[in-house]
Amino acid sequence: MDENIFLTGQVKYTKEFLLKANKTLILRSLIPFIIIFILGIIGLIYVFTSNVNIAFIVVPIVLIAIPILATIGLILTNKNAVQSSLNSTPNASITYNFTLENFYGKVTSDTSSFEFNKKYSDVKKTLQDKEYYYIFFDNTLIPVSKKDLTPDKEKVLLSLLGNGKPKVVKTPIYYVLIILFIFTILSPYLAVIFMTIAIVNSPIQEFPTLMLKYAYIFGIMLIFPIASIITYFFYKKTVRCKKNLIGGIIVAVILTLFSTMSLTKEADIKTDKSYFSTLETTLKIDFPSDYALNYALTDENDNFQMMVKFNSKEEILKVVTTSPFVTSLDSSTLKSLPKSFSNLALTYDYLLTYDLENESFNTPIINKGYLIGYKEGPDILDCHSIFY
């Protein structure tokens, strides 16, 4: 027996043991997902407790769903890996010996066997739970039972393994990678914050598809996960930064999906006053000339929604409190509107409908027409086309 050996042991790789060891490994891998999950919960609370558009709830829901699905995937993958190992190397066991300079031993099974002799610098990582220290090198796991360790032996072993922690050289790039990882995880929330600022500073922040217009901000935030992924490939051999790769890929997918919303028809919001001038000419109503507007198509029939905000509340009130605006529509006119529009009509203080074929106000719309409403408070003229 080698006189330098201070620790020796043998463990059989049973199914129960491998599942237990993989559970510890999974818990370590879940740290980035736990962070994302917590951020999702915080985001969910923020959406429900703030005045932000309820559509933003999609972001925290995705951030909550991804860690859950990833956890299920990791559990199933590791279970399959354990079963595959048991099938390919039945009745496998490991005998190990630790000296002050190296560790060596032998792995045997019914189908194969190999010996190893490694330096402590070859250890990839070390994990622990209540019963074992798990020492990983190459594709091999050495489980050291804590029951076999006296306090002195445990102290020596942990010292040789770097106190059971991965050896990290804290160079400037190490801190750069940490900062990139943090900003990568936060980038969906930074996008939401900047989108909220953009919406709040819009002339008509009530316009329903503004969120889609500014979804391109998610694409701008891709700079963080992409940088995180690129730096991983540059420095993976010198710095432990796998979280930058995993976090970068997950967040990049999230940001890409949300940024594509800015490519939809509803996101193409126009501010050209000619749209309202055309409507004004059709209705033969003289509206105030000082205003801002948002205009966007809403479906495949080229129906549109247009919101117009006038700088003078007094001037627009003079218009909407006179004919042809009314405070309510008769039942036959309401029934001629699409159901969503008939419900919307009930929310306006003043409104009118216009049938293009008959050129008549506040009569049933047959094929084409407009619904225009005004609600005091936001002081916005809301215009909808109805093209069947």
Side-chain angles (χ1 to χ4, degrees), residues 1-32 34 74 78 81-82 85-86 89-109 112-175 177-178 181 232 235-246:
M1 181 177 178
D2 190 337
E3 295 181 356
N4 293 321
I5 294 175
F6 69 90
L7 178 65
T8 187
Q10 182 176 9
V11 175
K12 186 174 182 180
Y13 294 130
T14 63
K15 181 176 182 178
E16 292 74 17
F17 172 79
L18 289 175
L19 287 173
K20 176 179 170 54
N22 274 275
K23 179 182 177 182
T24 302
L25 184 60
I26 289 172
L27 290 174
R28 175 67 176 268
S29 303
L30 287 180
I31 292 175
I34 292 171
L74 279 173
N78 278 278
V82 167
S85 176
L86 291 171
T89 56
N91 296 314
S93 63
I94 184 170
T95 301
Y96 58 82
N97 302 280
F98 287 88
T99 73
L100 296 178
E101 290 79 28
N102 63 342
F103 59 95
Y104 61 92
K106 187 175 184 179
V107 178
T108 60
S109 71
S112 63
S113 68
F114 70 90
E115 296 182 355
F116 59 88
N117 190 334
K118 297 289 181 178
K119 296 179 180 179
Y120 289 101
S121 58
D122 294 321
V123 174
K124 288 185 177 180
K125 59 185 171 184
T126 305
L127 303 177
Q128 65 171 303
D129 56 24
K130 291 182 179 180
E131 297 180 45
Y132 289 93
Y133 286 108
Y134 300 102
I135 302 167
F136 295 85
F137 68 95
D138 298 338
N139 293 317
T140 306
L141 160 67
I142 299 179
V144 177
S145 174
K146 291 184 176 181
K147 292 188 297 184
D148 297 336
L149 294 171
T150 63
D152 289 340
K153 288 183 178 181
E154 184 174 27
K155 186 176 180 180
V156 171
L157 179 64
L158 293 180
S159 176
L160 293 169
L161 295 171
N163 293 319
K165 300 177 182 178
K167 297 176 182 178
V168 178
V169 180
K170 296 186 178 181
T171 60
I173 193 61
Y174 167 80
Y175 294 102
L177 287 163
I178 292 295
F181 176 73
Y232 163 78
Y235 298 102
K236 63 180 181 178
K237 293 183 179 180
T238 56
V239 182
R240 293 185 182 275
C241 54
K242 195 172 183 179
K243 60 182 177 294
N244 288 78
L245 176 65
I246 297 173

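Predicted, not measured: the structure shown is a model, and the values here were computed from it.
Under the side-chain hydrogen bond (donor to acceptor under 3.5 Å, both in side chains) criterion, T150 pairs with no residue, sequence neighbours left out. Not a single ring pair (Phe, Tyr, Trp, His ring centres under 6.0 Å) links Y232 to another residue, sequence neighbours left out. Partners of Y13 according to the ring pair (Phe, Tyr, Trp, His ring centres under 6.0 Å) rule, which considers only residues two or more places apart in sequence or in another chain, do not exist here. Among residues two or more places apart in sequence or in another chain, the salt bridge (Lys or Arg N to Asp or Glu O under 4.0 Å) test is passed with E131 by K20. Applying the side-chain hydrogen bond (donor to acceptor under 3.5 Å, both in side chains) criterion to N117, with sequence neighbours excluded, gives N102. Partners of F136 according to the ring pair (Phe, Tyr, Trp, His ring centres under 6.0 Å) rule, which considers only residues two or more places apart in sequence or in another chain, do not exist here. Residues satisfying the side-chain contact (heavy atoms from CB on, under 4.5 Å) test with T95, not counting sequence neighbours, are Q10. By the side-chain contact (heavy atoms from CB on, under 4.5 Å) test, E101 pairs with N4, T99, sequence neighbours left out. Applying the side-chain contact (heavy atoms from CB on, under 4.5 Å) test to L177 and every residue at least two apart in sequence or in another chain returns I173, T231, Y235, V239, C241, N244. With sequence neighbours left out, T89 forms a side-chain hydrogen bond (donor to acceptor under 3.5 Å, both in side chains) with no residue at all.
I178 is listed as a side-chain neighbour of K243, based on a closest heavy-atom distance under 4.5 Å. Residues F6 and D152 have side chains not in contact (no heavy-atom distance under 4.5 Å, counting atoms from C-beta outward). Residues L7 and V156 form no side-chain contact, since every pair of their non-hydrogen atoms from C-beta on lies 4.5 Å or further apart.
Interatomic distance, CD1 of I135 versus OH of Y120, reported as 7.5 Å (0.5 Å rounding). Separation of atoms CG (L127) and OH (Y133) is listed at 12.0 Å; rounding is to 0.5 Å. Here the OG1-OH distance, from T8 to Y104, works out to 7.5 Å after rounding to the nearest 0.5 Å. The line from CG of L141 to NZ of K124 is 12.5 Å long, rounded to the nearest 0.5 Å. Residue Y132 holds its OH atom at 11.5 Å from CG of L149, rounded to the nearest 0.5 Å. Distance check: Y134 OH to T126 OG1 gives 12.5 Å after rounding to the nearest 0.5 Å.
Between K106 and F116 the shortest heavy-atom distance is N-CE2, 3.5 Å. Here the shortest heavy-atom pairing between P143 and V11 reads O-CG2, 3.6 Å. Shortest non-hydrogen contact noted between S109 and P90 is CB-O, 3.4 Å.
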Evaluate side-chain contact (heavy atoms from CB on, under 4.5 Å) for I142 paired with F98, printing each intermediate quantity in order. CA-CA 11 Å; I142 299 179; F98 287 88; 4.1 Å; yes
Check step by step if side-chain contact (heavy atoms from CB on, under 4.5 Å) holds for D122 and K119. CA-CA 6 Å; D122 294 321; K119 296 179 180 179; 3.9 Å; yes
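Using a 30° and 60° split on the angle between ring planes, F137 and F103 fall in the perpendicular class, above 60°.
Pairs of residues two or more places apart, or lying in two chains, never qualify as salt bridge (charged side-chain N to carboxylate O under 4.0 Å, His left out) while including a residue from residues 8-18. Listed by first and then second residue, the salt bridge (charged side-chain N to carboxylate O under 4.0 Å, His left out) pairs involving residues 133-142 are K118-D138 (not counting sequence neighbours).
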